[in-house]
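Worksheet for the structure shown next.
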2 protein chains.
Amino acid sequence: MKATFGEYIRQLRTDKGLTLTQLASQLDLDSANLSKIENGKREFDEKRLDKLAIAFNLNIDELKTEYFGDQFAKKMYQYNCSPETLIVAEEKVNYLKSINVKQAEIKF
Amino acid sequence: MKATFGEYIRQLRTDKGLTLTQLASQLDLDSANLSKIENGKREFDEKRLDKLAIAFNLNIDELKTEYFGDQFAKKMYQYNCSPETLIVAEEKVNYLKSINVKQAEIKF
DNA sequence: GCTAAATTTGTCATCTGTTGACAAGTTAAT
DNA sequence: ATTAACTTGTCAACAGATGACAAATTTAGC
């Protein structure tokens, strides 16, 4: 749980003894692009998360955690964000949820 | 510190008694688009964070915290991510920093 | 209620970054 | 040396975001 998402995919793939071409076809990708993804030169599209989960029989929620955790970390690193950012994020998720609950309640 | 970023801007703007048009011009925006931003229908471009900081004499780091915290929260809400995501993000930022330190060390 | 200012909404051409695809290059194993 | 695996470069095509402007709606003062 410390690697980047690309390194994580590579780990999964090599552990299973798959080539780039083999995994790429399961993900509807060309192997050149999968290579770039594993090396952090392209993004893994979130629309392919479910295919990845199937390919390695992973829990989709854990995979999302890994994926979005990676995304957030990259941004924070890139923009030199303070650790406080994550606390604010947590508060704001809760705020969004509370807003939504309120709206749902109003609907009836 | 619980509102969305759009609501936050609106708060700042109305507290200072500015109209959309007045603030928009300071941010190089048209007032219609600023309205959409405040109402969460468009994104605030991170390239304008410094102008926003100047307009309201805000600390840029706190503003980034607010901004990126909001971004992360939206994503998490949208994709129904577990709270664990933020813990993973924190670990991964540290990982990225440690990698970079290593690279920096190697450079000499 | 009328008017004017402020705000919101709709639309669309354009800009911008991302993606897929393929070619060409490199590396590794035998 | 040959082959398979992987990496890198390039670029047209695509998709989503943005700026701009018009039109509609809301708000506040009178």
Side-chain angles (χ1 to χ4, degrees), chain A residues 3-52 55-56 63-64 67-68 70-79 99 103 106, chain B residues 3-56 63-64 67-68 70-79 99 103 106:
Chain A
T4 66
F5 198 71
E7 289 167 348
Y8 175 67
I9 294 178
R10 170 147 299 181
Q11 183 82 51
L12 289 168
R13 179 175 65 81
T14 54
D15 282 358
K16 209 174 168 183
L18 297 175
T19 66
L20 283 170
T21 308
Q22 290 170 328
L23 177 56
S25 89
Q26 286 195 64
L27 300 175
D28 271 326
L29 264 179
D30 120 339
S31 62
N33 291 327
L34 180 54
S35 166
K36 287 171 194 162
I37 288 169
E38 289 186 354
N39 291 299
K41 302 182 173 170
R42 285 223 181 168
E43 290 300 311
F44 184 86
D45 188 336
E46 55 206 22
K47 285 166 190 165
R48 268 185 265 258
L49 281 177
D50 44 358
K51 284 179 184 158
L52 189 62
F56 295 109
L63 193 55
K64 280 199 299 183
Y67 178 73
F68 288 106
D70 189 74
Q71 299 264 104
F72 298 167
K74 274 191 210 150
K75 272 270 171 189
M76 286 182 67
Y77 183 69
Q78 182 183 0
Y79 287 95
I99 291 288
Q103 288 178 332
I106 288 168
Chain B
T4 66
F5 197 71
E7 289 166 346
Y8 174 68
I9 294 178
R10 170 147 300 183
Q11 183 81 50
L12 290 168
R13 178 175 65 81
T14 53
D15 281 358
K16 210 175 167 182
L18 297 176
T19 66
L20 283 170
T21 308
Q22 289 170 329
L23 177 56
S25 90
Q26 286 196 63
L27 300 175
D28 271 325
L29 264 179
D30 117 343
S31 61
N33 291 327
L34 180 54
S35 167
K36 286 171 194 162
I37 289 169
E38 290 186 354
N39 291 300
K41 300 182 175 172
R42 285 227 179 163
E43 291 301 311
F44 185 86
D45 188 335
E46 55 206 22
K47 286 167 189 167
R48 268 186 264 258
L49 281 177
D50 43 356
K51 283 179 184 159
L52 189 62
I54 290 166
F56 294 109
L63 194 54
K64 279 199 302 183
Y67 177 74
F68 288 106
D70 190 74
Q71 298 265 103
F72 299 165
K74 275 191 209 148
K75 272 270 170 186
M76 287 183 67
Y77 183 70
Q78 182 182 0
Y79 287 95
I99 290 288
Q103 289 178 333
I106 287 168

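In the text below, chain A, chain B and the rest are named by the order of the sequence lines, each starting its count at 1.
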Does a side-chain heavy-atom distance below 4.5 Å link [X] with [Y]?
| X | Y | result |
| --- | --- | --- |
| A/Arg48 | A/Leu29 | yes |
| B/Leu23 | B/Leu12 | no |
| A/Phe44 | A/Leu52 | yes |
| A/Lys75 | B/Lys75 | no |
| B/Lys16 | B/Phe56 | yes |

**OP:** For B/Tyr67 and B/Glu46, run side-chain contact (heavy atoms from CB on, under 4.5 Å): C-alpha distance rounded to whole Å, both residues' side-chain angles, the deciding distance at 0.1 Å, then the answer.
**Re:** CA-CA 8 Å; B/Tyr67 177 74; B/Glu46 55 206 22; 3.6 Å; yes

Rounded distance (Å) that lies between atom [atom2] of [N] and atom [atom1] of [X]:
| X | N | atom1 | atom2 | value |
| --- | --- | --- | --- | --- |
| B/Gln71 | D/dA17 | CD | P | 11 Å |
| A/Leu34 | D/dA5 | CG | P | 14 Å |
| B/Asn33 | C/dT8 | CG | C1' | 11 Å |
| B/Asp30 | C/dC12 | CG | C1' | 14 Å |

Original post:
For C/dT7, does OP1 or OP2 lie under 4.0 Å from any side-chain N or O of B/Ser35?
Top reply: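 No.
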
**OP:** Kindly indicate, with the supporting measurements, whether the criterion side-chain contact (heavy atoms from CB on, under 4.5 Å) is fulfilled by B/Ile37 and B/Phe5.
**Re:** CA-CA 9 Å; B/Ile37 289 169; B/Phe5 197 71; 5.7 Å; no

**OP:** Scan residues 10-27 of chain A against DNA chain D and write down, sorted by residue number, each residue with any heavy atom closer than 4.0 Å; if none is found, say none.
**Re:**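 Heavy-atom cutoff 4.0 Å gives A/Arg10, A/Arg13, A/Thr19, A/Leu20.
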
Original post:
Do any of residues 37-49 of chain A sit with a heavy atom less than 4.0 Å from DNA chain D, and if so which?
Top reply: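 Under 4.0 Å from DNA chain D: A/Asn39, A/Lys41, A/Arg42.
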
Original post:
Can you name the closest pair of heavy atoms from B/Asp70 and B/Thr4 and give their distance?
Top reply: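 Nearest pair, atom of B/Asp70 first, then B/Thr4: OD1-CA, 3.3 Å.
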
Original post:
Is there a donor on the side chain of B/Lys36 or the base of D/dG19 sitting less than 3.5 Å from an acceptor on the other?
Top reply: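 No, no donor-acceptor pair under 3.5 Å.
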
